[in-house]
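In this text the structure is predicted, and so the values were computed from the model without any measurement. Both backbone and side-chain heavy atoms feed into the values below; hydrogens, waters and symmetry mates do not. Order of appearance sets the numbers: ligands from 1, and atoms from 1 within every ligand.
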Amino acid sequence: MYWTVWTFLSVLMLRGASADNERLFQDPDTKLSFWQSYEPYKLDNGKGIIFRTAVPEAATSGTAFDVVMQMVVPNEVGWAGLGWGGGMPQNPLLVVFRNSNNQGVLASSRWANGHTTPNAYTGATYTVYKTGTKVNSTHWQVTAKCTGCATWTQRDGKKVYLNPKGNNRFGWAYSLKKPTNPNSATSAIPIHDLGQYFTMDVGKGVNKDFANLVSKLQ
Ligand code: HEM
Ligand SMILES: *[C@@H]1O[C@H](CO)[C@@H](O)[C@H](O)[C@H]1NC(C)=O
């Protein structure tokens, strides 16, 4: 409990009260415009994960649309995750990790009905692009398109939509431990070291030429 409260306060202090952690990122690799949020997980050494989203300008509220997600993750992280609907249960979960030679990155689609190990989720599919997916001495980065992450149905039948024009609350998580079989997208994964939330304005990562730019990604 102390640890949880301490972590929560630390993360709040790191993030500050303003939206300083949010900014526009014009990606030289994919040529997409992303809106990004930096989520620190450690107080002492400035370690954190960057989450970026790019959406089509034509996307409207209450409809399905593709989203390109880019994440920049410190090398010490075994897996990193995103909850598209603001938490862990009842929303599409994205889990990303490096393969066994640490050069490739896999994206895995999952779903949890509660705070228990998520299962594979076929309602969302991810296409990882070589463009914008890379590894260096400090970080790994992944760029993936999600089809099926802008709308989903909860267990009670309620249909939920991502808002392409404004703020959305996301859940995020990370573990320093790697998945059991990092060459398989359906590998078992260990529980996270931290599960948290952030809100960011997806509408600021808007792309007029989304379909055309995405069609050029490899
Ligand atoms: C691998 C098996 C997993 C287990 C056993 C698990 C279990 C849990 C538990 C017990 C909590 C509540 C923590 C607390 O009481 O403070 C929690 C919170 C959370 N988890 Fe997981 N988790 C798993 C995987 C994931 C994944 C893959 C993601 C995201 C992709 C995720 C995202 C979150 C988030 C955002 C929270 C905090 C917000 C919330 O409670 O919804 N978890 N998890
Ligand atoms: C390593 O890659 C990350 C993600 O692309 C980038 O932000 C960072 O500047 C790179 N660092 C070095 C030392 O090249």
**Complete:** All heavy atoms of M69 vs all of L82, minimum pair found to be CE-CD2, 3.4 Å
**Message:** Minimum heavy-atom separation for M200 and F170, please, with both atom names.
**Reply:** CG-CE1, 4.0 Å
State the atoms of ligand 1, each with its element, that fall below the 4.0 Å cut-off from a heavy-atom position in [X].
X: G171; value: 35 (C)
X: P190; value: 1 (C)
X: Q196; value: 35 (C)
X: I189; value: 1 (C), 27 (C)
X: G81; value: 30 (C)
X: L94; value: 30 (C)
X: Y197; value: 38 (C), 39 (C), 40 (O)
X: V95; value: 27 (C)

**N or O contact, M88 vs ligand 1, cut-off under 3.5 Å** = yes
**Request:** Flag W79 as yes when one of its N or O atoms lies below 3.5 Å from any N or O atom of ligand 1, and as no otherwise.
**Result:** no
**Message:** Quick check on atom 21 (Fe) of ligand 1: does H115 put an N/O/S atom closer than 2.8 Å to it?
**Reply:** no
**Request:** Compute the ring centroids of F198 and F51, then answer whether they are less than 6.0 Å apart.
**Result:** yes
**Message:** Strictly distance-based, threshold 3.5 Å: is any side-chain N or O of S108 a donor or acceptor partner for the main-chain N or O of V95?
**Reply:** no
Would you check if there is a donor-acceptor pair between the side chains of [Y] and [X] at a distance under 3.5 Å?
X: Q70; Y: T143; value: yes
X: N21; Y: S37; value: no
X: N183; Y: S100; value: yes

**Fill in**
The answer for which part of W172 has a heavy atom under 4.0 Å from ligand 1 is backbone
**Request:** Hydrophobic side-chain clustering at under 4.5 Å (ILVMFWY, transitive links): who's grouped with Y161? Put none if nobody.
**Result:** none
**Request:** Just jot down the side-chain hydrogen bond (donor to acceptor under 3.5 Å, both in side chains) partners of Q26, sequence neighbours excluded, or say none.
**Result:** S33
**Fill in**
Near ligand 2 (heavy atom, under 4.0 angstrom), the protein residues are V72, K134, N136, T138, H139, Q141
Pair up each side-chain donor or acceptor in residues 210-218 with any protein partner under 3.5 Å, not counting sequence neighbours, and list the distances.
{"residue": "N212", "atom": "ND2", "partner": "D209", "partner atom": "OD2", "Å": "3.1"}
{"residue": "S215", "atom": "OG", "partner": "N212", "partner atom": "O", "Å": "2.7"}

